[in-house]
Amino acid sequence: MKAVAVFPGSRETKVVDTEEPRITEPDQVTLRVLDVGICGTDWEICTFEYGTPPPGDDHLVLGHEALAEVVTAGSAVERFEPGDLVVPTVRRPCPHPGCLACRSGHQDYCYTGDFSERGIKEAHGYMAESVVDHERDLVLVQPDLRDVAVLTEPLTIAEKALGQILWMMRHRPPWLDPRTPGEERGRGLSALVLGIGPVGLLGAMTMVSAGFTTYVYSRELPPHPRTDLVGAIGATYVSTRNETFAELAERIGNVDVIYEAVGHSHFALEALEVLGTNGIYVLTGVPGLQAFVEADPARLMRTMVLKNQVLLGTVNAGADDFAAALRNLDLFRRRWPEAVRTLIAGRHPLERAAGLVLGRPAGIKTVISFDSAGG
Ligand SMILES: [Zn+2]
Ligand SMILES: [Zn+2]
C-alpha cells in the first residue's frame with residue numbers, strides 16, 4: 001500500500017510502498033483512510049524540527065488529523081462494524097504503571113512524556129491507505145458528517161480548552177450565571193481569539209457557539225477569506241495593523257477569556273497584559289526558537305494576583321473532547337454551512353502531500369484524500 005513518510009536520516013519526504021498492517025489483537029480494527037488534514041505540526045516534522053519514527057524504523061508515516069472507514073473488526077470489537085466512519089485520537093499512553101493520567105485513559109495529560117503520538121512521535125500516522133487501531137482509540141462519526149469530520153482533530157484543541165473554561169466558570173463564583181444553566185454559559189462574557197489559522201478559526205466558532213461575544217485578532221488586513229469567515233460566524237475581526245492591544249481591550253471591556261492560537265511568544269505575552277479581572281488565558285501554540293525579549297515579571301505577577309487571573313496551557317485532547325468536537329461540528333455545519341465549507345481549502349491526492357505540507361497553505365485546511373468519490 002501507499003503511504004507518505006518522512007525519513008529524518010536522508011532528510012526527505014516521499015510516497016513509499018509499505019506492507020499493509022494487519023490486526024494482531026482481537027480488539028483492533030483495520031481502517032481504510034478517507035481524509036487526512038495537514039497542519040503546522042506536519043510542516044515541523046517535514047522540516048526535521050520535530051517528529052520521531054517508531055523505534056527501529058528509519059521513517060515516520062505522516063498524518064494525525066484523520067477520518068477513516070472501518071473495513072474489518074476483530075472478534076472482541078463491540079462498538080464498530082465494517083462501514084462505520086471513525087476519527088482516531090492521536091496520543092497513545094506511556095507504559096509507566098505510576099502515570100495516573102495514562103492509566104486512567106487520559107494520556108493527553110501524561111506525566112512522563114513517554115507517550116507516543118500517531119504521525120508525530122514514535123508511531124506511524126494516517127497518511128496511508130490502510131491502518132490498524134484499537135477500538136478504544138476510535139470515535140464514531142455519524143455518516144452525514146463525512147465531508148467535514150476531518151476537522152475533528154484540530155477542533156478538539158478548542159473543545160478541551162472550552163471544557164476547562166466552563167468548569168472554571170462554574171467554580172469561580174463571579175462568573176456564575178443562574179439564568180443560563182446548561183448551555184450558552186459564555187453569554188454576557190467576552191472572548192478574544194488570537195490568530196486566524198484553522199485552530200484560531202475553529203476556536204472562534206467554539207467560543208461563539210458557547211455564547212461568548214467573540215473577537216478575533218490577527219495580522220491579516222481585511223478583505224481576506226479568513227477575516228470574512230470571522231464575520232460570517234458572528235465574531236468581530238480586528239487587525240493588529242488597525243488597533244493595538246490596548247485599543248482593542250478598551251473596545252471589548254473586561255476581557256474574560258483569551259484563546260491563543262498563534263504560537264508567537266511576544267504576541268502572547270502582550271495579550272496577557274489586556275486579560276481582564278477574573279480572566280482565563282488559554283495558551284495552545286508551541287513556539288519555536290524566538291528572539292529574547294525583556295519582560296516585567298513583577299508587574300505581570302502583581303496583575304495576575306490582584307485580578308484573580310488564570311493562565312492555562314493545553315495540549316492534545318482526550319476521547320471526550322473528540323466526541324464534543326463531533327457534536328459541535330454538526331452544530332457548526334447547520335449554523336454556518338458556507339463558512340464550514342470554506343474551512344476545507346481543497347482535497348488532494350497522496351502524491352501531492354509533501355509539496356502541500358512544505359508549501360505555503362493556499363486556503364484554510366488542506367486535506368489529502370484517499371477517496372476518489374470524495375472529490
Ligand atoms: Zn494538526
Ligand atoms: Zn503517561
Side-chain angles (χ1 to χ4, degrees), residues 108-109 155-195 199-218 230 233-238 240 243-285 295-315 317 320-321 324 328:
D108 52 320
Y109 288 96
L155 178 57
T156 59
I157 300 165
E159 295 296 343
K160 182 174 171 181
L162 180 69
Q164 293 174 81
I165 291 166
L166 294 179
W167 186 89
M168 282 188 268
M169 282 169 55
R170 281 197 295 277
H171 294 86
R172 286 162 60 89
W175 286 21
L176 273 183
D177 185 351
R179 288 166 303 171
T180 55
E183 49 190 52
E184 297 237 318
R185 275 167 294 194
R187 194 181 291 266
L189 298 168
S190 68
L192 171 59
V193 174
L194 307 179
V199 173
L201 287 172
L202 289 166
M205 288 181 167
T206 305
M207 298 314 285
V208 170
S209 60
F212 289 86
T213 303
T214 305
Y215 294 80
V216 181
Y217 192 47
S218 193
V230 172
I233 62 164
T236 304
Y237 180 76
V238 181
T240 56
E243 267 179 56
T244 64
F245 263 120
E247 288 164 345
L248 175 61
E250 198 173 310
R251 169 139 71 123
I252 296 175
N254 197 61
V255 179
D256 296 304
V257 170
I258 297 180
Y259 181 78
E260 180 276 332
V262 273
H264 193 283
S265 55
H266 306 180
F267 192 57
L269 190 65
E270 268 185 69
L272 183 56
E273 307 218 357
V274 300
L275 183 65
T277 301
N278 304 325
I280 299 172
Y281 189 136
V282 182
L283 291 164
T284 77
D296 181 353
R299 189 161 54 92
L300 282 177
M301 185 172 165
R302 196 163 51 233
T303 310
M304 289 200 72
V305 168
L306 296 177
K307 291 189 173 178
N308 290 301
Q309 293 173 336
V310 177
L311 182 59
L312 176 84
T314 182
V315 68
D320 289 351
D321 305 312
N328 244 346

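What's counted below: heavy atoms across the whole structure, side chains too, no hydrogens, waters or symmetry copies. Each residue takes its place number in the sequence, starting with 1.
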Derivation of the side-chain contact (heavy atoms from CB on, under 4.5 Å) call for Leu300 and Leu269: CA-CA 9 Å; Leu300 282 177; Leu269 190 65; 3.7 Å; yes
Any residue meeting salt bridge (charged side-chain N to carboxylate O under 4.0 Å, His left out) with Arg302, in chain and number order, not counting sequence neighbours: none
Approximate separation, where rounding is to 0.5 Å, of Asn308 CG and Ile280 CD1: 11.0 Å
Side-chain donor/acceptor of Glu260 to backbone N/O of Thr284, under 3.5 Å: yes
Glu250 atom CD, over 12 foreign heavy atoms within 6.0 Å: no
Parallel, tilted or perpendicular: ring planes of Tyr217 versus Phe267, cut at 30 and 60 degrees: parallel
Which atom of Ala268 lies closest to which atom of Leu283, heavy atoms considered: CB-CD2, 4.1 Å
Minimum heavy-atom distance Met304-Val310, with the two atoms named: CE-C, 4.3 Å
Residue pair Tyr259, Thr314: steps toward the side-chain contact (heavy atoms from CB on, under 4.5 Å) verdict: CA-CA 11 Å; Tyr259 181 78; Thr314 182; 5.7 Å; no
Distance-minimising heavy-atom pair for Ile165 and Phe212: CG2-CZ, 4.2 Å
Candidate pair Ile258 and Leu194, rule side-chain contact (heavy atoms from CB on, under 4.5 Å), full reasoning: CA-CA 7 Å; Ile258 297 180; Leu194 307 179; 3.9 Å; yes
NZ on Lys160 to CD on Gln164, rounded to 0.5 Å: 6.0 Å
Shortest non-hydrogen separation from Val230 to Thr236 and the atoms involved: CG1-C, 3.9 Å
Residue pair Thr214 / Ile233, side-chain heavy-atom distance below 4.5 Å: no
Verdict with reasoning, Met168 to Leu312, per side-chain contact (heavy atoms from CB on, under 4.5 Å): CA-CA 11 Å; Met168 282 188 268; Leu312 176 84; 4.2 Å; yes
For Glu273, all residues meeting salt bridge (charged side-chain N to carboxylate O under 4.0 Å, His left out), sequence neighbours excluded: Arg299
Over all atoms of both residues, closest heavy-atom pair of Thr206 and Ala158: OG1-CB, 3.6 Å
Rounded distance [0.5 Å steps], CD1 in Ile252 versus CG in Leu192: 4.5 Å
With Glu243 via salt bridge (charged side-chain N to carboxylate O under 4.0 Å, His left out) - residues at least two apart: Arg251
Check: Asn254 side chain, Thr277 main-chain N or O, donor-acceptor pair, under 3.5 Å: yes
Nearest non-hydrogen partners of Leu275 and Asp256, listed with the distance: CD1-O, 4.3 Å
